[in-house]
Amino acid sequence: MTKIAFRPTLLRSSALSALALVGLIGTAPAFAQDAQVQPGTSVSTPPQGDVSPAPAAQATAAQSSTAQPGTDAGQPQDIVVTGTLFRRTDTETPSPVTVLTSDSLAKAGINNVSDAVRSISADSSGSVPTAFTGGFGAGSSGVSLRGLSVNSTLTLIDGVRTANYPLSDDGQRSFVDLNTIPNAIVDRVEVLKDGASSSYGADAIGGVVNIIMKKEIVGAYGTVEGGVSQRGDGGEQRATLTLGTGRLKEKGFNFYVSGEYQHDDPIYNRDRGFPYNTKDLTSIGGDNNNAGSVAPSSTTSAVVAPTTQTIPGNILSGTGLATGPFQVLNPNGCAAGQTLVTTPRSGTAFIDQGCEQNATSQYGQIQPEQTRFGVTVHGTVQVNDKTQAYLIASYFQNDVKSQGSPTVNAQIRSANPINTQNIVLPAQLADGTDNPNNPFTTPAAIRYAFGDIPASSEYKNHVIRAAAGIDGQFGEGWGYSASITAAHSWLDITQNGYLNLAGLQTAITTGSYNFVNPDQNTAAVRAAISPMVRSQATSDLDMIQGVITKDLFQLPGGPLQVGVGGSVRYEAQNDPSQNPDFTTIGLNQFSAVGNRTVESAYFEVNAPILTSLEIDGSGRFDHYSEGFSHFSPKIGVKFTPIRQIALRGTFSKGFRAPSFAETSGSVVGFTAATPPCSLQAQHGATITGTTCSGGSAYNQSYSIGFNTAGNPDIKPELSRSFTGGVVVQPTTWLSFTADYYNIKKTRVITGGPLSNQALAAYYAGTALPTGYSVTPDAIDPSFPNAPARALFVNSPYANAAALKTSGLDFSALVQLKPSDDFHFTSRAEATYILHYDFKQSDADPFVDFVGTQAPYITSSGAGTPAWRGNWQNSVDYKAYTLTATAYYTSGYKAVAYDQFGTTDCNGGSTYGGTDPEFNCHVKHFVDVDLTGSVKVNDKFKLYFNVVNLLDQKAPLNAGNYAAVNYNPTYTQIGAVGRTMRVGANFQF
């Protein structure tokens, strides 16, 4: 499963395409290895990214590539900037690009690519945090520029695509896992905050993240580091070692090998204070949502009540109607740490019993256990003074282990394979003896969580990647490059704690499982009920590509440059369903399987018409083997009326290709539903006005499934974007930028946009929308001739939604060097979202989500805060460095129009408590990190890092479903608390 195999058909078609396009000469945009060296940067210095980490930093002190005043650049070198084909000494392109240098990351205390990329101010709703282990893309980390979701941000390594994470976010959206990108050899991260489909093709709608590795390292460099939170948990260990030899200018080659290891211990909710350790918020005006706070409910102390069955002898046919009060099954009462609760049952004289349990404190995790390690081999050869060749190969593994609450329950009304109202405990076992788990002479309804069967998940992602290429110049103004790359990712998934339907039935009918005292169950009994579930998903990317450039003739501002190129790539995903037959209760059913070939041709023309005016135009044509094609154009202008001011702007069109999940996969979700009164009346209910009551148990709330299937006729999403901004550098030590962006997406792919209409049509007996169907439930034994309720609504993915977003980016940089021994740097970055207008379908209006917790569904409840920003101040004095970095995320209204259809707290609150105003406004969050270092000598440096220096608490967000009472996307470090680390860098 781990072997890389080049596909002959791909290589044959790749070679033919490359010959036809560029005559065996070419490369991808921004792939030239010289792009890995900034002007004035010594490539033989130690990997600066190994300094002073901060695992949960909220933003990165970013440096705008448009203005780097005060630096001693020495002799300018020509480099390739992300988003263009051409080499240039001027890094100020018409597009806004933010550069995260290894030095600024070190001073911010960031030690991995995931935290670096996800921390920039342009990252917004839809990004994937590693801390969210309950999602479809669990175990990963992904970036979402402009809040357009992870599938609209293109992530590159050295300017080239890599394999996607084998799982899709929400079972739909493909993205690159940032956790599997090496950090020890990162030179810088360039973030292009503009549409770039004209250069890179699909998915580059919100922007491009380009992680650029060092091309030359000489000597031995290493890092050792350890840390712990102020509470004494969350231990972290990290070590790196890089060995390199050969200087390109002296020996004509460089070779290095780098290895790194990082481990983060888990952090549990019980080890943090209120409100992260409970769902009982009554002390501050909220509700008590702990398990069992209202009887009856499912906790690890079983409660039972007499009931009836629709099919005698069938334990799956419980009616769900208790004919007597629920009582605690264990005669000794509730389990240790639980509290007996009694609740009068409405409309009866029964008083039900239950046991309140704080499952958050007992089982919840704030941070999963994570282990990352990998090795990279890199070689560069200076073939001659104009030609350079390289080879890079890497293996990286990211292992995320999380713990969850026990599976609920023997009631089984969620993700239900047989959709019974209630599994019952029979009065007699299969051998005719009395059932020790049932104190009644009739079947018993049961509410229970299997606390003796630990629930856990492990996602172990492996990525192996190799790339090779050659680039150089020839003749008068000609440049060329050619490259080939292959990447393979395989994800091993292990799930524990899910119930097997057949095993559960056997345990109930034979009495082998002890519900009265679960501690008495043997390991064999537990394994029979809940066997380990293992699966593997894979993804692949193979690519050959190229470009050739030419300086045609001189214009007043410089040479007119033309570049053309082409590429062929193979993409594949194999994510089979972990639960194809619904035999595992509660395990999500989703899949994505497919492969395709993409052939592309692109061009770029750069015309410095005047020394003050530059115009750049580019375009790309992509053809997919699935049958669709798209052309993406872009034009950019930069005008510099005086040396201190530059105006810039771009206009582009782009697209996002449908994922394999959207074309050939499927995903099933369950939600609670109640049949309409028109159907209930046919099952014995009495209708009074607009309400109905009574009748058969068939009329109760039940779980209905929404099955969204891939649509092979789906079309690509389209985008239109433009930017306009100014770069101001009044002095050599001060610069700042301001840019406006505006993006519109149409034909946005959404799952089953007409599902509710289809369900209504089913019950009304009218025609369903095209492509939709309804799977009926089993008949009601009490009313066998009555129509059946809906069990599944089957729907396709469709191009139905649209969105428009606009905002402002700001950055500033101050660099002062009053003496050789003293250097002060201050840099700031901020993004203000003006509008984020979304509509679910053509029939719906646009609704602005800015400043709310929408999009709630696609962002894991992260929402769209209007402001995100960071400010870093650093002082270098002789051998000492001290840096403080502040991060800011604005507050927001905890309402979600996309989930509840209103932006009012009453009805639209994500918390949905008794008091609609409770926590309907989430406060802003400010975090300050402090790092410091001392250079003991030329070979040894000590450093420290304090993350969340002021120990700021994450603001209460009771309606966030990705974590308990806080928002992990923006405020994870506020739940973790102050964390301290110390480490050392060494070289020899």
Side-chain angles (χ1 to χ4, degrees), residues 15 18-19 21-44 73-91 93 158-160 187-188 190 199 210 212-218 244-256 378-392 467-485 544-555 557-567 602-608 616:
L19 282 167
L21 289 168
V22 296
L24 288 177
I25 301 173
T27 188
F31 188 57
Q33 286 286 295
D34 284 350
Q36 299 175 346
V37 187
Q38 285 187 297
T41 299
S42 172
V43 296
S44 60
Q75 181 66 32
Q77 303 174 39
D78 57 341
I79 65 172
V80 179
V81 180
T82 300
T84 179
L85 297 175
F86 305 117
R87 298 175 180 273
R88 53 192 296 151
T89 57
D90 177 9
T91 60
T93 68
D158 287 330
V160 179
D187 181 71
R188 68 188 186 275
E190 293 184 350
S199 297
N210 189 12
I212 300 172
M213 306 299 173
K214 295 179 181 291
K215 76 165 184 178
E216 181 178 9
I217 298 176
V218 178
T245 183
R247 296 185 184 276
L248 288 171
K249 289 185 177 181
E250 298 175 2
K251 296 187 176 181
F253 77 94
N254 178 262
F255 174 83
Y256 69 77
H378 188 286
T380 307
V381 176
Q382 193 72 42
V383 180
N384 55 47
D385 61 345
K386 293 185 177 181
T387 307
Q388 194 174 87
Y390 67 91
L391 172 67
I392 183 172
I470 185 169
D471 64 86
Q473 298 84 42
F474 66 96
E476 294 295 328
W478 290 90
Y480 70 92
S481 190
S483 66
I484 186 169
T485 186
I544 186 169
Q545 53 194 346
V547 72
I548 186 168
T549 63
K550 170 64 174 163
D551 296 348
L552 292 181
F553 53 83
Q554 288 293 318
L555 294 173
L560 175 68
Q561 296 177 297
V562 176
V564 295
S567 67
Y602 42 88
F603 72 90
E604 183 178 358
V605 178
N606 183 264
D616 188 277

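Below, all heavy atoms of this structure are taken into account, side chains as well, without hydrogens, waters or symmetry copies.
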Working for side-chain hydrogen bond (donor to acceptor under 3.5 Å, both in side chains), residues Glu604 and Thr84
CA-CA 8 Å; Glu604 183 178 358; Thr84 179; 2.9 Å; yes

Atom pair CZ/NZ of Arg188 and Lys214 - distance to nearest 0.5 Å:
10.0 Å

About how many Å separate CG of Asn606 and CG of Leu552, when rounded to the nearest 0.5 Å?
11.0 Å

Ignoring hydrogens, what is the shortest heavy-atom contact between Gln545 and Val160? Give both atom names and the distance.
NE2-CG2, 3.3 Å

Give, for atom CZ of Phe603 and atom CG of Leu85, the distance between the pair rounded to the nearest 0.5 Å.
10.0 Å

Let me confirm one number: the OG1-CZ distance from Thr380 to Phe253, rounded to the nearest 0.5 Å.
11.0 Å

Nearest heavy-atom approach of Gly563 to Val547 is C-CG2, 4.4 Å

For a 4.5 angstrom cut-off between non-hydrogen side-chain atoms, does Glu476 reach Lys550?
yes

Judged by atom type as modelled, is there a donor-acceptor pair below 3.5 Å linking the side chain of Asn254 to the main-chain atoms of Thr245?
yes

Qualifying residues under side-chain contact (heavy atoms from CB on, under 4.5 Å), relative to Leu391, sequence neighbours excluded
Ala468

Listed by chain and number, what are the side-chain contact (heavy atoms from CB on, under 4.5 Å) partners of Lys386, not counting sequence neighbours?
Asn384, Gln473

Hey, could you give me the CD/OG1 distance between Gln382 and Thr387, rounded to the nearest 0.5 Å?
8.0 Å

Rounded to the nearest 0.5 angstrom, the CD1-CG distance for Ile392 and Asp158 is 5.5 Å

Work out which heavy atom in Leu555 is nearest to a heavy atom in Pro608; give both atom names and the distance.
CB-O, 3.4 Å

Residues Val562 and Phe86: closest non-hydrogen pair is C-CE2, 3.6 Å

Is Glu216 reaching over with its side chain to a backbone N or O of Leu248, donor-acceptor style, under 3.5 angstrom?
yes

Whether the side chain of Asn210 engages the backbone of Gly159 through a donor-acceptor N/O pair (distance < 3.5 Å, no angle test) should be reported.
yes

Flag side-chain contact, heavy atom, 4.5 Å: Ile548 against Phe474
yes

